[in-house]
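Reviewing the structure listed below.
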Number of protein chains: 2
Amino acid sequence: MPDTPRPRQPAEQISELTTARLSLYLRCLEAMDAEGIRTVSSLGLADHCNLNAALVRKDLAYFGEFGVRGVGYFVKHLKRHLKMILGLDRHQQVVILGAGNLGFALADYPGFRAEGFNVVAMLDTDEAKVGTRSKSGVVVCHMRDLEQIVARDHIDIGVLAVPHGAAQAVIDQVIATGVRAILNFARGTLRVPPHVKLKSVDLSVSLESLSYFLAQSGDPNG
Amino acid sequence: MPDTPRPRQPAEQISELTTARLSLYLRCLEAMDAEGIRTVSSLGLADHCNLNAALVRKDLAYFGEFGVRGVGYFVKHLKRHLKMILGLDRHQQVVILGAGNLGFALADYPGFRAEGFNVVAMLDTDEAKVGTRSKSGVVVCHMRDLEQIVARDHIDIGVLAVPHGAAQAVIDQVIATGVRAILNFARGTLRVPPHVKLKSVDLSVSLESLSYFLAQSGDPNG
DNA sequence: CTCTGTGAACCACTTCACAGCA
DNA sequence: TGCTGTGAAGTGGTTCACAGAG
C-alpha cells in the first residue's frame, strides 16, 4: 500500500457521468478484491467496464492521486476510497414511498443492502397494507407517520414508487420533512426546489428507446 | 391539421438522448390531448419537460417539418407521428426473464401496457413458480420454453430481471433465440453481440449517485 | 408579429499524446 | 520499461440568434 493516501476534495463540480462511473469502478474492484487481485491498471478497469483508460484515470484523479506510476491502483485501497467518496462508508437510511408491487420489489432488492443502504420502511395510505412485511422483513407503515419516521430513523433518501398521479403530492410531503435526495420511479416531470436532488428512472422511456431501435433497424418481426 | 404531414427518415444517426426526449414529449402530448389542447409551441413543450425550446425544435426537425410557423405543433398530429417514430404504432411483444419480486412488479407495471407493450409471460427456472400468475394475469413459464415462446409470440424485447450471477447466461440464451433488444436490471457489465441493443438500468448506481450528492453537500444527517 | 427550422457559437465530455515518476 | 496524471485536441450535444413562413 502507498505510504500516504492523499484524498482530495475536488476543486470543480464533478459531472454525474463521472459519479455514475465511480459506482461501476467500485463494482469491479469488489469483484477483483473477492478474487484476491491486489492491483489493477486503468486499462484493466477500463476494459472491464467497456471504457477508455484515460477516462478512468481522469475520473479517479479528480479525487486524489490514488495510483502508483508503473504499477497501477491498489484494489483494496482504491475500493475504500471510492466508498468514502460515494458516501457509502456509512449506512444511508432509505424509506420507500408506496407499497405496491414495485415498492415491495425495491424493499427486497439485494443490491441495496449489499451496497450499504438500509431500507427502513415502506409507506402507503392503504390501511389494509399497514403492518404487513416484505419477504426480507421491511414493514409497511402509514403515510401519515412519514414525518415521525424520517426524524426517528434519520432518513437520507426517499424512493418514490407511487402511481404517477400521486407522485407530486407525495414528493412535496417528503421534501417538507427535510429529505434532500429522492429516487423517483413515477412517470412524468416532477418539480422540486433547488436544494433537493431528484433522480428519475423512467421504465417506459427505457423500453421505448428499445422500441425505437427496433423500428429503425427494420424489425423483421415488424 | 396541416395538409401534408411530411415524415422523414432521419439522414444522420439519432442520439439516444434525443430518442429519450421523444418519449418525454409524447408523454406531454398525451396529457395535453387528454385536456383538449389543440396546439403547442416548442416553448410550451420545453417548459413542461424542463428543456430548451431550440432543443425541442431540433429533436423534432430530425424527423420532418411537423410544426407550423407562427402557430406551433398540432398536438394530435405530432403525437401520432412520435408514436410511429418510436415504433409504438404496433404492440411490442415483451417477455420478462426472472419471476422474482422485480419480475412480478414489472409484469404488472401499468406504464408498459399504457404505452402499447404487451407482456406475454415471465420465465423462471423455479418449478414451484411455473403456472402461477401476477395480479394482472401474466403467467410464469419455465425457462426451458424460452425458444418456443419467443417464436410463438413473436417476442421483440426481453426484460432481464434475474440475479446478477445468472444474468450473462440468461442473456446469451435469449439472444440465441433471435431477440435483438434487451432491457437489463441486473448489476454489472454484460457482453452482447453488436447487432443486439442492450439498455441497462442499474438501481444501485442510481442510489449511489444520490449518496454521493449527500456526501458532498455536507449531509446534516451525516 | 409569432413561432419554426437551422447555421453558428458555445460548452462539456472523451480521447489522444506525452511528460514524469517508480 | 510501465503506467499514472494531465494539457491539448477532438467529438458531440446544447443554446443562441436569426432568416423566413404563416
Side-chain angles (χ1 to χ4, degrees), chain A residues 1-8 10-22 24-25 29 32 37-75 77-78 81-82 85 209, chain B residues 1-8 10-22 24-25 29 32 37-75 77-78 81-82 85 209:
Chain A
M1 302 280 280
D3 302 328
T4 42
R6 283 168 282 172
R8 179 204 290 169
E12 36 180 327
Q13 189 69 15
I14 300 300
S15 127
E16 293 233 350
L17 298 167
T18 293
T19 64
R21 285 191 299 266
L22 295 184
L24 294 183
Y25 304 152
L29 291 166
M32 289 171 177
I37 297 170
R38 306 286 284 271
T39 66
V40 63
S41 69
S42 59
L43 184 60
L45 268 176
D47 281 352
H48 225 280
C49 305
N50 298 322
L51 297 169
N52 179 291
L55 185 57
V56 173
R57 294 200 295 275
K58 272 241 156 84
D59 284 342
L60 298 177
Y62 283 124
F63 299 93
E65 305 208 351
F66 298 121
V68 180
R69 286 156 199 249
V71 177
Y73 301 88
F74 289 93
V75 170
H77 182 235
L78 184 55
H81 276 283
L82 286 184
I85 291 163
S209 107
Chain B
M1 303 279 282
D3 302 329
T4 44
R6 285 167 281 171
R8 176 204 292 169
E12 37 181 327
Q13 188 68 17
I14 298 303
S15 129
E16 292 233 350
L17 297 168
T18 294
T19 63
R21 285 191 298 265
L22 295 184
L24 293 184
Y25 304 151
L29 291 166
M32 288 169 177
I37 298 169
R38 306 287 285 270
T39 67
V40 62
S41 69
S42 59
L43 184 60
L45 267 178
D47 281 350
H48 224 281
C49 304
N50 298 320
L51 297 168
N52 179 293
L55 185 57
V56 173
R57 294 199 297 275
K58 271 240 157 83
D59 285 340
L60 298 177
Y62 283 124
F63 299 93
E65 305 208 351
F66 298 120
V68 180
R69 289 159 197 248
V71 176
Y73 301 88
F74 288 92
V75 170
H77 181 236
L78 184 55
H81 276 283
L82 286 184
I85 290 163
S209 107

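Nothing here was measured: the structure is a model prediction, and the numbers come from that model. Here is how names work: the chains are called A, B, and so on, in the same order as the sequence lines, proteins then strands, and each is numbered from 1.
- With hydrogens and angles ignored, a donor-acceptor pair closer than 3.5 Å exists between the side chain of A/Arg57 and the base of D/dG5.
- One interatomic measurement links the two molecules: CZ of A/Phe66 to C1' of D/dT6, which rounds to 16 Å at whole-angstrom precision.
- One interatomic measurement links the two molecules: CG of A/Asn52 to P of C/dT15, which rounds to 5 Å at whole-angstrom precision.
- Regarding A/Leu51, its CG atom lies at a distance of 15 Å from the P atom of C/dC13, rounded to whole Å.
- You'll find the ring centres of B/Phe63 and B/His81 outside the 6.0 Å limit.
- A heavy-atom distance below 4.5 Å is not found between the side chains of B/Thr19 and B/Ile85.
- Place B/Val71 and A/Tyr62 on DNA chain C by their nearest nucleotides, and B/Val71 ends up nearer the 5' end.
- Taking side-chain N and O atoms only, B/Ser42 has a distance below 4.0 Å to OP1 or OP2 of C/dT4.
- A donor-acceptor contact under 3.5 Å links the side chain of A/Lys58 to the base of C/dT15.
- Listed pair B/Tyr73 / C/dT2 fails the phosphate criterion, with no side-chain N or O lying under 4.0 Å from OP1 or OP2.
- Rounded to the nearest 0.5 angstrom, B/Leu78 CG and B/Leu45 CG are separated by 7.0 Å.
- The side chain of B/Leu55 lies closest to D/dT14 when the candidates are D/dT6, C/dT4, D/dT14.
- Atom CD of residue B/Glu16 and atom OG1 of residue B/Thr18 lie 10.0 Å apart, to the nearest 0.5 angstrom.
- Rounded to a whole Å, the CD atom of A/Glu12 is 15 Å from the P atom of C/dC11.
- Taken to the nearest 0.5 Å, the CG atom of B/Leu51 stands 11.5 Å off from the CG atom of B/Leu43.
- In this entry the distance linking CG of B/Asp47 with P of D/dT15 reads 13 Å, nearest Å.
- Each of B/Leu43 and A/Thr18 was assigned the nucleotide of DNA chain C with the nearest heavy atom; the assignment lying further toward the 5' end belongs to B/Leu43.
- Across all strands, A/Ser15 comes closer than 4.0 Å only to sugar-phosphate atoms, never to a base (heavy-atom distances).
- Nearest nucleotide to the A/Glu65 side chain, out of C/dA22, D/dT14, D/dT6: D/dT6.
- Distance, B/Leu60 CG to C/dT6 C1': 14 Å, rounded to whole Å.
- Computed from coordinates, the A/Leu78 CG to D/dT4 P distance equals 11 Å when rounded to whole Å.
- Here the P atom of nucleotide D/dT15 and the CG atom of B/Leu17 are 12 Å apart, to the nearest Å.
- An OP1 or OP2 oxygen of D/dT6 is reached within less than 4.0 angstrom by no side-chain nitrogen or oxygen of A/Arg69.
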